[in-house]
Amino acid sequence: MQHIETVFEHTIQDLFGLEVKVVFTRPDEQFGDLATNVALHIAKQIGVSPREVATRITDAAKDALGADVSDITVAGPGFINVTLSDNELLGRAQAAAAEKPQIYQDKLVVAEYSDPNPFKAFHAGHFYTTVVGDAIARLVQAAGAKVHRVNFGGDVGLHVGKAMWAIVGEDMQKALENLEVLAAQPLHDRATWMAECYVKGNTAYDEDETAKAQIIGMNKKVYLIHEQDDHTSTLAKIYHTCRDWSYEYFDAFYQELGVDPFEKYYPESQTTPVGLATVKEQLAQGVYKKSNGAIVFDGEQFGLHTRVFINSEGLPTYEAKDVGLIMAKWHDYRFDLSLIITGNDIVEYMKVVLKSVEQFMPELPPRTRHLTHGMLKLEGGAKMSSRKGNVLYANDILQAAETAAKGDKQTAYAAVKYALLKQRTGGDIIYNPSESVALEGNSGPYVQYAHARARSILAKANRSDPGDFIDFEPSERSLARKITEYPTVLEKAVTELMPHHICTYLYELAQTFNRFYEQSRVIGDEREALRLQLVHAYADVLKDGLSMLHIPAPEHL
RNA sequence: GCGCCCGUAGCUCAGUGGAUAGAGUACUUGGCUUCGAACCAAGGGGUCGCAAGUUCAAAUCUUGCCGGGCGUACCA
């Protein structure tokens, strides 16, 4: 049979001489399996009432649709509702898990996200951006792309100056010896120690003029380490040792959390020379200009802000480093699409950077997408702030989750990931520590549990013959119908790069299954063969959907 | 001031042009001798911030207003 859409398009062409695209949506279950409002759209130009148009289309299409469609009706103001035959619905359900929208087929995609800074704490915000980025990367990958995951972080800059100032202290030799002692301690403790040093340096910078001058000096020295490729001086040894600890800590954390590893870190020390050179080169071309001793991009002529790329001390700001990052990524990958996933506090900033790059590399911004998410906040919309002492660190989240799940890490991490992903990416997210590790309701563990129950049935059943097809009972039909929605949902999630659509769907699917499960026995029932096929299709879709979110679907919990 | 984003049930959120606006949670109540009760069923709870406009049809699009967040030159 032709696609139902095609049948309708031909019918409308024959009846009214109109060329229109027919789109079907999933209506409320009481109305059928597919619905279209095409009659409402074309009624005006035909000059007949929408219901009349719908009726004529329906009558004419009936014969061409064949046995796959069991019913077709006109309802409401002129909707056309289509009900699929039970047999067709079962077939679609069984194919659902394997169907992937190949929207990014053979595309080379670079996905940048997470972006923690060495020497600083890996806080809850990094946790969120990491989980979101991981899910988006997997979606794009499922849609056919070759995805390269990259990470960007500030291994130079004022924050490093602050941390290094505190690490070095009065006596550099002593500091180096101290590192040798620290090396024996767990990675997490070392990371915490560095973060504390940063806080110490940060406080000193604000409160002590002498320290401030020293920190500014330290910042420059760190740049020099890279400029001279220094690995032998005492300062360079301290710096590189600490930086390596940070990277090791990040990698260990990603592995622990269960997100895909990063292929490459772009440290700012690497992108900085590229950015500096590019900005200076384009200064000569008139893209950037001097202003008050700094080098800026005049964004105002494009309705954006004017921003400083190289400050009056000759040091690059984040802007120049980001120009360098964009150039480095392009040099390394020649990507079709570059995804940059960050918080939404830098949307305006990123527009300026990309607009400036557009002036000399016009091919890059069109293939770059800046995807942003909101900030993690606490109940009542309170912002996390180290001064208020209400900062959550990534590790705190994992610990709390693990405790709540009574030491079951798999369940704990599933709960937290799902809690973050179920909300639409973009707006702020109110993080409720206790709700995020809930095992009930719209949660990761609920979906995992529903999956395990289904697998348990399948494991106990010992038959594989499909049996003779028989018509569905209502709860079977609801389940089959819900399963068939999966490819549409996946397509929407991929198109919009919005993982939450998958969460919403998986929860509804699991709920539909649980209702079925509650009232229908599978093993030993006279309908066993049919029901086993449904349970199988259901479990496969659930597992596939969870894998998109990078949440495991164990057979037992 | 200007720019971007947001405002849906007590709370946390789905729904972004379509049919009676839905979930979770909290509260009340019922259901395990039966394939896994981390489950299911029932109940109350809404000026979709306000107003006007566009449309056969608006929570959804447009405009204005109110409220909140973020950004707005050498932080990232």
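Chain identifiers are assigned alphabetically (A, B, ...) following the order of the sequence lines, protein sequences preceding nucleic acid strands; residue numbering begins at 1 within each chain.
The gap from the C1' atom of B/U62 to that of B/G17 amounts to 13 Å, rounded to the nearest Å. Between the C1' atoms of B/C5 and B/G44, the separation comes to 35 Å (whole Å). With C1' as the reference atom, B/G46 and B/A41 are 24 Å apart, rounded to whole Å. Separation of the P atoms belonging to B/U63 and B/G24 is 36 Å when rounded to the nearest angstrom.
From A/F31, atom CZ reaches atom CG of A/D28 across 5.5 Å, with rounding to the nearest 0.5 Å.
Each of B/G24, B/A76, B/C13 was ranked by its minimum atom distance to the side chain of A/Y349; first place goes to B/A76. Here B/A19 is the nucleotide among B/G3, B/A76, B/A19 with the atom lying nearest to any side-chain atom of A/N81.
With a 3.5 Å ceiling on both atom-pair distances, the Watson-Crick or G-U wobble partner of B/U62 is B/A52.
When A/P552, A/P445, A/S443 are each tested for a side chain to side chain contact (heavy atoms under 4.5 Å, CB included) with A/T411, only one passes: A/P445.
Judged by closest nucleotide on RNA chain B, A/Y507 is the one of A/Y507 and A/Q519 placed further toward the 5' end. Sequence order on RNA chain B of the closest nucleotides to A/R453 and A/E508 puts A/E508 first from the 5' end.
Using a 4.0 Å cut-off between charged side-chain N and carboxylate O, A/R531 and A/E528 make no salt bridge.
The two residues A/L139 and A/L490 make their nearest non-hydrogen contact at CD2-CD1, 4.1 Å.
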